[in-house]
Amino acid sequence: MKDSYTQLVNSPIGKKLAEALGLPRPTALRRDEPGAPLLADPRVLVVGGPASDPLARRLLAWGLEVHRHPSPGTTYGAIIADFTAVTDPGQLQEIALGVGAALRSLGSSGRIVVLGRTGSTEDDPELVAAQAGVVGFMRSLAHESRRGATCNALLLDGDFGLDAPALEGPLRFLLSARSAYVSGQPLVVAAADGPGAPDPERPLEGKVAVVTGAARGIGAAIVRRLHADGARLLLVDVPAAGEALTKVANEVSGQALQLDITAEDAGRRIAETARRAFGILDVVIHNAGITRDKMLANMDAARWGSVLAVNLSSQLRMNRQLLESGALGQHPRIVCLASTSGIAGNKGQTNYAASKAGIIGMVAAEAEDLAETGGTINAVAPGFIETEMTRAMPTVTREVARRLNSLSQGGRPEDVAQAVAFLASDAAAGVNGQTLRVCGQSMVGA
C-alpha cells in the first residue's frame, strides 16, 4: 500500500516542513534483493572483550571488515555489542558507552546486534540482573536508532561461545536486509544438533513446505518467499479461494489443496497429499486465520467460536496429526502466525487476541515435543502490516498506527515472510518455542 506521508516528508519541500514541525521522517528501509551484500556497508564495529575474537573471525569469513575501536570519520554498516562475559551490572557501562560513542557513525538501515546470555534461578543474582539489563538496554537503544537502523539481541542459552554453529544463522538474519522490520526483539539461541548452516541465498533448497491461508495477502507473500529460497510447496486454502489459490500455486509451480483446516482430518489430508506429491514434508506454516471483531458485550457464540476454531484449535489438531502421520522429515520446522494483538490486546478483538495469545502459548508448550523429533516450532507476531485489512482502516487511525513504532512506518507482507522463512530454515535450528515480533518495535505491547 502506498505511504503518501513517507513520500511527502522525504521530498525537498516536505523535509523542511517535517523538520520545522518536528514530524517523524521515516527512512525507506533497505530490503532483501537477490545477490545483494549482507550489509550495505561492509564495515562492522565489534564492541566487547577478548571473548568477541571468535565472532570477529566469523565476520571476516563472511567478507566483512571488522573494527574493534571506532575510527573518526568512519561509517559502519553494523555495530555488534558483546555482553556475553558480563556477570555484574557494573560491567555494563563500558560496553554500553562504547556503543554510544559510535552511534552517530552507523549508516542508513544499519544494524545493531546485542549479544547476551539467558539467566536462570541457579545463577548468581548479579549475573541474572546484569543480563536482564542487557535486554532493557537493547530495547531502549532500538527506540533511539535512526535512519532505518534496527537493534536486536541474541541471547545464548547455554555454556557455549560465539563460534557456536547455532549462532551463525540468527546473527546473519539480524544483520541482513531480511530483518528490515524486526527491531527491539530478543531472540534466545540454544546449541543445536542437525544440519549445518544452509546456503544463505537458498536456505530452503530441497525442502518441502505446506502453507495454509496461501491464496492471498501475507500467505501468498510467504509462498513466494519460500519458493525463492528453494522450497517445493503445497498451498492450502478454503474452496471459496480456489481460483486465487490456483493462480499462486501455478506461479510457484506448487501443488494446490482446497481444504477447510477446521475439518477433523485436515492434518491427515495434508500429510497424505504431501506424501503423494513430494514424498515428505519438512516445513509447516500455519498462516490461515480470520477476524470476527466485535465488542465483547455484543459478541455472540458464532463469532467467538469461529475465530478460535480457525486460528488456534485447528493448529493444535493438525500438529498432532502431522506428528503422528510419519510424513514429517528428519528436522521438521513448524512456524505459526501469531499477532501483536495476542501480546497487547486490542479493543473489539477479545476473540482474536485470545486465539493469537493461545498460539504463543502453544509454541512454547510444544517446543519440547518438536525438539525430541529433531525439529522446532516457533511463531511470528506481525504488527501493523500494509495489507487489504489495514487499507480498510479509517485514514487517521491508519496513519497513527503506522507511526507507533521505532521505524515510523508500516511493514510489508514480505517482511513477515522473511521472518517466517528464517524460522522455517535450518539457520534457526537453535531457536525453539519462541515468538518473533515483526512490528518495527511497535509501542503497543511488550
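Side chains included, hydrogens not; waters and symmetry mates left out as well; all remaining heavy atoms used.
The heavy-atom pair separating G184 from R139 by the smallest distance is O-NH1, 2.9 Å. Across every non-hydrogen atom of T376 and A429, the tightest pair is CG2-O, 3.7 Å. In plain terms, the two heavy atoms of A191 and A166 that are nearest each other are CA-CB, 4.2 Å. The two residues T150 and S183 come nearest to each other via the heavy atoms CA-OG, 3.5 Å. When all heavy atoms of Q185 and N152 are compared, the pair lying nearest together is N-OD1, 3.0 Å. The two residues S341 and A353 come nearest to each other via the heavy atoms O-CB, 3.3 Å.
Checking side-chain atoms of H331 against main-chain N and O of G375 turns up no donor-acceptor pair under 3.5 Å. No donor-acceptor pair closer than 3.5 Å links the side chain of N311 to the backbone N or O of L308. Distance alone, capped at 3.5 Å, places no donor-acceptor pair between the D157 side chain and the T118 backbone. Formation of a donor-acceptor pair under 3.5 Å by the S145 side chain with backbone atoms of L141 is found in this model. Between the side chain of N287 and the main chain of G213, a donor-acceptor pair closer than 3.5 Å is present. Side-chain N or O atoms of S109 include one that pairs as donor or acceptor with a backbone N or O of R30 at under 3.5 Å. With hydrogens and angles ignored, the 3.5 Å screen pairs a side-chain donor or acceptor of R146 with a backbone N or O of E144. Proximity of a side-chain donor or acceptor of Q409 to a complementary backbone N or O of L407 within less than 3.5 Å is detected. The closest donor-acceptor contact from the side chain of T435 to the backbone of I360 lies at 3.5 Å or more, if one exists at all. When atom types are taken as modelled, the side chain of R57 and the backbone of D163 share no donor-acceptor pair closer than 3.5 angstrom.
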* To do: Step by step, work out the salt bridge (Lys or Arg N to Asp or Glu O under 4.0 Å) result for D426 and K207.
  => CA-CA 10 Å; D426 292 331; K207 302 288 188 180; 3.3 Å; yes
* T75 vs R43, side-chain hydrogen bond (donor to acceptor under 3.5 Å, both in side chains): CA-CA, chis, key distance, verdict -> CA-CA 7 Å; T75 59; R43 288 169 289 203; 3.3 Å; yes
* To do: Go through the steps to decide whether L233 and L226 satisfy the test side chain to side chain contact (heavy atoms under 4.5 Å, CB included), and finish with yes or no.
  => CA-CA 8 Å; L233 288 147; L226 300 186; 3.9 Å; yes
* Trace of the side chain to side chain contact (heavy atoms under 4.5 Å, CB included) decision for L328 with V284 -> CA-CA 9 Å; L328 296 180; V284 178; 4.1 Å; yes
* To do: Kindly indicate, with the supporting measurements, whether the criterion side-chain hydrogen bond (donor to acceptor under 3.5 Å, both in side chains) is fulfilled by S406 and Q441.
  => CA-CA 6 Å; S406 296; Q441 200 189 18; 2.4 Å; yes
* To do: Begin with the C-alpha distance, continue with both residues' side-chain angles, and end with the deciding distance and a verdict on side chain to side chain contact (heavy atoms under 4.5 Å, CB included) for I270 and L281.
  => CA-CA 9 Å; I270 288 172; L281 185 58; 4.2 Å; yes
* Please test D41 against R111 for salt bridge (Lys or Arg N to Asp or Glu O under 4.0 Å), starting from the C-alpha separation and ending with a verdict. => CA-CA 10 Å; D41 187 325; R111 295 288 182 265; over 6 Å; no
* **Working for side-chain hydrogen bond (donor to acceptor under 3.5 Å, both in side chains), residues Q434 and N378** => CA-CA 5 Å; Q434 296 180 62; N378 294 286; 5.0 Å; no
* **Trace of the side chain to side chain contact (heavy atoms under 4.5 Å, CB included) decision for I95 with V86** => CA-CA 10 Å; I95 300 172; V86 167; 4.0 Å; yes
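Contact check for F83 versus V47: no side-chain heavy atoms found under the 4.5 Å cut-off. Between V113 and L175, some side-chain heavy-atom pair lies under the 4.5 Å cut-off.
Annotation for E368: atom CD does not count as buried by contact number, only 12 or fewer foreign heavy atoms lying within 6.0 Å. Residue-environment remark: CZ (R317) exceeds the threshold of 12 foreign heavy atoms within 6.0 Å.
Here the CH2-OG1 distance, from W304 to T350, works out to 4.5 Å after rounding to the nearest 0.5 Å. L162 contributes atom CG, which lies 10.0 Å from atom CG of L59 (distance to the nearest 0.5 angstrom). Interatomic distance, T87 OG1 to Q131 CD, rounded to the nearest 0.5 Å: 9.0 Å. In this structure, L38 CG and F173 CZ are separated by 12.0 Å, a value rounded to the nearest 0.5 Å. Interatomic distance, N319 CG to C336 SG, rounded to the nearest 0.5 Å: 6.0 Å. A distance of 11.5 Å separates OG in S355 from CZ in R292, rounded to the nearest 0.5 Å.
Under a 4.0 Å N-O distance rule, the pair E251/R224 qualifies as a salt bridge. Electrostatic pairing of R178 and D229 counts as a salt bridge here, judged by a charged N lying under 4.0 Å from a carboxylate O. Salt bridge absent: R216 and D237 never bring a charged side-chain N and a carboxylate O closer than 4.0 Å. Between R225 and D415 there is no salt bridge, since none of the side-chain N atoms of the basic residue sits less than 4.0 Å from a carboxylate O of the acidic one.
Taking the six-membered ring for Trp and thresholds of 30 and 60 degrees, H67 and Y76 have ring planes more than 60 degrees apart, a perpendicular arrangement.
Using modelled atom types and a 3.5 Å distance limit, the side chains of N405 and S442 yield no donor-acceptor pair.
Of the options V363, I359, I261, a side-chain contact (heavy atoms from CB on, under 4.5 Å) to Q315 is made by I359 and by none of the others.
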